[in-house]
Protein chains: 2
Amino acid sequence: MQLKSLRLFMAVAETGSFVAAAKRLHTVQSNVTTHIKKLEEELGVQLIHRAGRVRPTSAGLALVEYAERMLTAHDEAVSLFKGQEKACGRLRIGAMETTTALRLPPILAAYHAAQPDVDIQLKTGPTAELVELLLNGQVDCAFVAGRLEHSRSHVLKAFSEELVLVGSMPMTTMPSSQALLASAFMAFRQGCSYRQRIELLLASYGVNAGRIFEFGSLDAMLGCVAAGMGYTVLPRGTVDAHKHRFGIHTLALPASIAHIDTYFVAPEPATWTPALASFADMLCDAVVVDELNLTAS
Amino acid sequence: MQLKSLRLFMAVAETGSFVAAAKRLHTVQSNVTTHIKKLEEELGVQLIHRAGRVRPTSAGLALVEYAERMLTAHDEAVSLFKGQEKACGRLRIGAMETTTALRLPPILAAYHAAQPDVDIQLKTGPTAELVELLLNGQVDCAFVAGRLEHSRSHVLKAFSEELVLVGSMPMTTMPSSQALLASAFMAFRQGCSYRQRIELLLASYGVNAGRIFEFGSLDAMLGCVAAGMGYTVLPRGTVDAHKHRFGIHTLALPASIAHIDTYFVAPEPATWTPALASFADMLCDAVVVDELNLTAS
DNA sequence: CCAGCGTTATCTCAAAAAAAGATAGTAGCT
DNA sequence: AGCTACTATCTTTTTTTGAGATAACGCTGG
């Protein structure tokens with residue numbers, strides 16, 4: 001059974017004429033006859049009354065319902081990829097907790113305004129997990145810390161973050177090695193790239209990674225820091241946005257450790273759905289604008 | 001876009017291999033490549049990741065949903081016509097009021113027991129209207145009084161009825177011409193074949209069709225006869241079934257007028273859905289059994 | 001009842017497409 | 001680095017499709 005045959009069949013059913021159906025689909029009457037005949041042979045039943053008025057038989061009417069479902073699904077699939085202007089369908093984004101909290105809200109809002117028909121799904125997790133999700137095709141794109149080693153991926157530097165030490169008390173200098181050793185550190189669960197920085201930081205002070213508590217959410221983590229449980233390391237922007245709420249304090253870290261980039265990663269552009277393509281487009285523009293602003297200031 | 005290509009695409013998506021997909025659908029790998037490639041060209045997007053593991057891209061996953069809808073609809077359509085054993089779908093039956101009341105209930109019950117997946121739709125109307133519905137394809141088959149003149153139709157004599165005169169008082173002889181002239185007659189609405197018999201009956205008594213009241217339902221009609229409004233003419237079986245309820249009385253009519261056959265009519269068998277085919281089969285058997293019973297007794 | 005008109009079925013040929021096999025190229029694995 | 005298993009490409013054969021010409025059919029009006 002071919003979709004082409006079903007289209008011809010529907011045209012015959014609607015126009016009540018083989019000639020008219022042929023004209024509508026830009027072909028000749030003999031082809032309509034052949035296609036209908038083939039459908040009839042395939043299903044073992046006469047689909048069209050030829051005697052007198054040309055119209056669908058009972059069997060034909062029954063087929064109409066299924067043909068409509070098939071053709072509608074086909075048309076929708078085509079318009080998903082070939083539809084001009086508005087994208088539709090689904091966009092699954094993976095992002096780190098900190099990116100989700102600070103960077104994503106305005107981006108997603110802008111995207112939703114531009115593409116209201118796209119169903120946005122957001123998954124949060126540490127970098128390593130996000131990379132895994134991306135490679136398994138469980139997300140369409142992701143925001144991760146650090147360049148993806150994988151070749152054949154589209155990578156775009158999205159945001160630059162400055163990591164700061166976060167504690168419950170005001171700090172002017174780095175706490176002593178002993179103080180660090182005595183404190184707990186809060187981090188996202190295994191695979192978080194910020195966690196590596198914490199370990200790097202502790203190592204640079206000659207301290208072995210001591211107690212590291214794992215958290216799944218930013219709020220819980222900051223809450224514990226505020227309660228004096230210990231320290232954490234987070235992007236300055238993320239902490240600033242929550243400073244007042246939690247009553248926490250920050251200290252700049254050495255540049256070598258502090259600077260971290262967030263990248264937008266996705267498979268090759270050739271594999272993108274229109275929804276993803278327009279998201280990447282928007283992001284690219286936003287980043288360029290961002291960089292211009294930085295240059296200007 | 002071809003359904004065949006979509007099947008191959010789904011097989012690739014499921015098996016994660018072009019070779020396996022080819023094997024599953026009994027073809028060779030090069031054809032799988034060609035079909036997928038054609039799909040990709042048509043939609044302007046890469047559907048399958050070839051590097052490393054073979055798996056659907058984001059765009060491919062989006063297509064999967066539509067492909068499933070198309071292929072499911074296709075499979076259902078095929079099984080509607082080619083499905084062995086149980087028929088499914090819809091069966092639209094047209095029947096006269098009297099047939100519906102007396103003959104159809106046991107038949108429909110038996111059919112529903114045999115084909116529980118068929119959605120039965122019953123339309124009631126006079127013969128002329130039913131013939132019209134049948135010719136317009138608004139019912140799949142019909143029970144009508146009198147042979148259908150139309151050629152290219154499947155016709156089966158389904159039931160033989162004996163018409164009787166129905167009145168509110170016991171009758172031993174035909175009412176006088178004057179009594180008939182003074183009385184009203186109840187009939188179904190225009191197009192009812194029994195109504196023609198009433199007029200024939202009156203004519204044979206030299207009486208012009210006087211007042212004929214039209215009814216849409218059997219119950220209403222018998223109720224009015226019982227109330228002494230006048231006479232009607234109906235199959236004996238139909239009246240007998242309601243005699244006690246209404247307190248009405250019958251009188252045999254002359255054989256020439258009394259005898260009337262109900263036919264099962266439908267388009268050519270080649271146009272039948274499996275649901276209609278099994279209904280006609282059942283009916284045919286039932287009629288044969290009926291005739292054997294009559295012969296035996 | 002028959003001729004004329006419009007419609008569908010059939011036939012034919014050329015062109016296009018699909019299927020299958022052979023081969024080359026590529027990625028992952030040891 | 002070489003082996004293995006996979007996909008892409010190329011080629012040939014076969015099948016299918018599309019379009020035109022023509023025959024057959026069924027209405028309709030005289």
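Just so it is clear, the structure is predicted and the values come from calculations on it, not from any experiment. Each chain gets a letter, A, B and so on, in the order its sequence line appears, and its residues count up from 1.
Minimum atom distance to the side chain of A:Arg50 is reached by C:dT8, of the listed D:dT16, C:dT8, D:dG20.
Residue B:Thr33 places at least one side-chain N or O under 4.0 Å from the OP1 or OP2 atom of D:dA8. Under 4.0 angstrom from either OP1 or OP2 of D:dT7 there lies no side-chain N or O belonging to B:Lys37. At least one side-chain nitrogen or oxygen of A:Lys38 sits closer than 4.0 Å to the OP1 or OP2 atom of D:dT17. In terms of phosphate contacts, A:Gln2 brings no side-chain nitrogen or oxygen within less than 4.0 Å of OP1 or OP2 of D:dT16. Within the 4.0 Å cut-off from OP1 or OP2 of C:dA18, not a single side-chain nitrogen or oxygen of B:Asn31 is found. Using a 4.0 Å cut-off, some side-chain N or O of A:His35 falls inside it from OP1 or OP2 of D:dG18.
The side chain to side chain donor-acceptor pair (under 3.5 Å) check on B:Glu42 picks up nothing, with sequence neighbours excluded.
The closest side-chain donor-acceptor pair between B:Glu76 and B:Thr72, if any, does not fall under 3.5 angstrom. Defined by atom type and a distance below 3.5 Å, a donor-acceptor pair is present between the side-chain atoms of A:Tyr111 and A:Ser278. In this structure, a donor-acceptor pair under 3.5 Å is present between the side chains of B:Arg7 and B:His74.
Axis angle between the ends of the helix from C:dC1-D:dG30 to C:dT30-D:dA1, five pairs each and rounded to 10 degrees, works out to 30°.
Across all strands, A:Thr27 comes closer than 4.0 Å only to sugar-phosphate atoms, never to a base (heavy-atom distances). Counting non-hydrogen atoms under 4.0 angstrom, A:Val54 reaches the backbone sugars and phosphates but no base.
With hydrogens and angles ignored, no donor-acceptor pair closer than 3.5 Å exists between the side chain of A:Ser30 and the base of D:dG18.
In this structure, B:Phe264 and B:His154 have perpendicular ring planes: the angle between them is above 60°, well past the 30° mark.
Other residues, nucleotides and ligands contribute only 12 or fewer heavy atoms inside 6.0 Å of the CD atom of B:Glu85.
When the P atom of D:dA8 is taken as reference, atom CD of B:Glu41 falls 12 Å away, rounded to whole Å. Here C:dT23 presents its P atom at 15 Å from CD of B:Gln29, a figure rounded to the nearest Å.
A heavy-atom distance below 4.0 Å to DNA chain D is reached by none of the residues of residues 15-23 of chain A.
When each of B:Val139, B:Thr124, B:Val144 is checked for a side chain to side chain contact (heavy atoms under 4.5 Å, CB included) with B:Leu130, only B:Val144 meets the rule.
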